Protein chains: 2
Amino acid sequence: MGTTDNLRFHGGADAYLAACPSRQILDVLANKWTMLVMGALAGGPLRFGELRRRLEGITQKMLTQTLRTLERDGLVTRTVYPTIPPKVQYAATGLGENVTELMRAIRVWSEENINAVLDARDVYDARAAEEVQPVTA
Amino acid sequence: MGTTDNLRFHGGADAYLAACPSRQILDVLANKWTMLVMGALAGGPLRFGELRRRLEGITQKMLTQTLRTLERDGLVTRTVYPTIPPKVQYAATGLGENVTELMRAIRVWSEENINAVLDARDVYDARAAEEVQPVTA
DNA sequence: CCGAATCCTTCAAGATACTG
DNA sequence: CAGTATCTTGAAGGATTCGG
């Protein structure tokens, strides 16, 4: 501690500061695909193809890119079995499991409150349409 | 209930399905600026300029766009005081306050675990540099 | 002056095809 | 099966201009 190694924050990280590294991981975590990938891995290790099938709509490119980022940041491990055909397994690390729980809460909230959100949109859109052609004003 | 109004899910929402509307809000919530905006509003209503100063690095355009989306989805209210100069206040709704707590947990995790993530990156990057020019292999 | 709309540039997401 | 490469599209970011 107190050495001159890389920029590290010891208790003073603040994601509201643009230069604080914590904003970088926040940007990694606050991402649709990250949330879904980590949520899928919460049930245990999965192969690339299994992940791709579970995350409906994701492309190979985005899945590869997301997994690489998560691996680099220490949230996921990547294990290659040099068989033919190749088998690559992804698993959450201890660090990853912690934050996965927090992300699961947001996903569940989305699923439980989607109707309230859709209702709010209807109200907003109806109000916006009104303003274009006022009924009485 | 049980009517033929718009597509609504009654207990069966699943963000892993591309067509499920819950993925749409997940995409709104799983966003760096959304997390920071909602977190800032957790302390009470704020004006546009106050938000802009707190969220270091955000542009007026992105802040406006983020706030519009959150307003439309019922997470934030927008109140205009037609004074000169204009005063526009934003506040979290009840719906928004619920999910703000969940997002705060992720922001705090980012701030508390940033060093572990930075360390993981160093290891990953060093390993990647090795593979380009193997020392012994 | 504050909030927002309108360009324009840059970069990442998405889609497709190909390789080990 | 897992991953890379290429191309197209769209959103993020930045600067400027507009309106109350």
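Naming: A, B, ... by sequence-line order, numbering from 1 per chain. Note that this is a predicted model, so its numbers are computed, not measured.
With sequence neighbours excluded, no residue forms a salt bridge (charged side-chain N to carboxylate O under 4.0 Å, His left out) with Arg68(B). Applying the side-chain hydrogen bond (donor to acceptor under 3.5 Å, both in side chains) test to Gln24(B) and every residue at least two apart in sequence or in another chain returns Arg121(A). Partners of Val123(B) by side-chain contact (heavy atoms from CB on, under 4.5 Å), not counting sequence neighbours, listed by chain and number: Arg127(B).
Residue Arg78(B) contributes atom CZ, which lies 10 Å from atom P of dG3(C) at whole-angstrom precision. One atom, CD1 of Ile84(B), and another, P of dG20(D), lie 10 Å apart when rounded to the nearest Å. Following rounding to the nearest Å, Leu67(B) (CG) and dG3(C) (P) show an atom-to-atom distance of 11 Å. Here dG3(C) presents its C1' atom at 16 Å from OH of Tyr81(B), a figure rounded to the nearest Å.
Ranked by how close their nearest DNA chain D nucleotide is to the 5' end, Arg68(A) and Pro85(A) are led by Pro85(A).
A salt bridge links Arg72(A) and Asp125(B); the closest N-O separation between the charged side-chain nitrogens and carboxylate oxygens is under 4.0 Å.
Summary for the helix from dC1(C)-dG20(D) to dG20(C)-dC1(D): the axes at its two ends, each from 5 pairs, differ by 40° when rounded to the nearest 10 degrees.
At the phosphate of dG3(C), neither OP1 nor OP2 sits under 4.0 Å from any side-chain N or O atom of Tyr90(B). Taking only side-chain nitrogens and oxygens, Arg53(B) never comes nearer than 4.0 Å to OP1 or OP2 of dG3(C).
Near DNA chain C, meaning a heavy atom under 4.0 Å from it, residues 40-51 of chain B has Arg47(B), Phe48(B), Gly49(B) in order of number.
Between the side chain of Glu111(B) and the backbone N or O of Ser22(A) there is no donor-acceptor pair closer than 3.5 Å.
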In residues 52-64 of chain A, what donor-acceptor pairs under 3.5 Å come from side-chain atoms, sequence neighbours left out?
residue, atom, partner, partner atom, Å
Glu56(A), OE1, Ala18(B), N, 2.8
Thr59(A), OG1, Met62(A), N, 3.2
Thr64(A), OG1, Gln60(A), O, 2.9

Give the table of side-chain donor-acceptor pairs shorter than 3.5 Å for residues 82-98 of chain A, with sequence neighbours excluded, one pair per line with atom names and distance.
residue, atom, partner, partner atom, Å
Thr83(A), OG1, Tyr81(A), O, 3.4
Thr83(A), OG1, Pro85(A), O, 2.9
Tyr90(A), OH, Arg78(A), NE, 3.3
Thr93(A), OG1, Gly74(A), O, 2.7
Thr93(A), OG1, Leu75(A), O, 3.3
Thr93(A), OG1, Leu95(A), N, 3.4
Thr93(A), OG1, Gly96(A), N, 3.0

Pairs of donor and acceptor atoms involving the side chains of residues 26-38 of chain A, under 3.5 Å and at least two apart or interchain, shall be tabulated with distances.
residue, atom, partner, partner atom, Å
Asn31(A), OD1, Trp33(A), N, 2.7
Asn31(A), OD1, Thr34(A), N, 3.1
Thr34(A), OG1, Val28(A), O, 2.8

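Pairs engaging residues 33-47 of chain B under the salt bridge (charged side-chain N to carboxylate O under 4.0 Å, His left out) rule: none recorded [sequence neighbours left out].
In the hydrophobic clustering of this structure, Met103(A) groups with Tyr16(B); members are Ile, Leu, Val, Met, Phe, Trp, Tyr whose side-chain heavy atoms approach within less than 4.5 Å, directly or through other members.
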Self-check item: Sugar-phosphate or base contact per nucleotide [nucleotides 6-20 of chain C; S, B, -; heavy atom under 4.0 Å]
Solution: -B-----BBBB---B
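When all heavy atoms are compared, the tightest approach of Ile25(A) to Ser110(B) is CD1-O, 3.0 Å.
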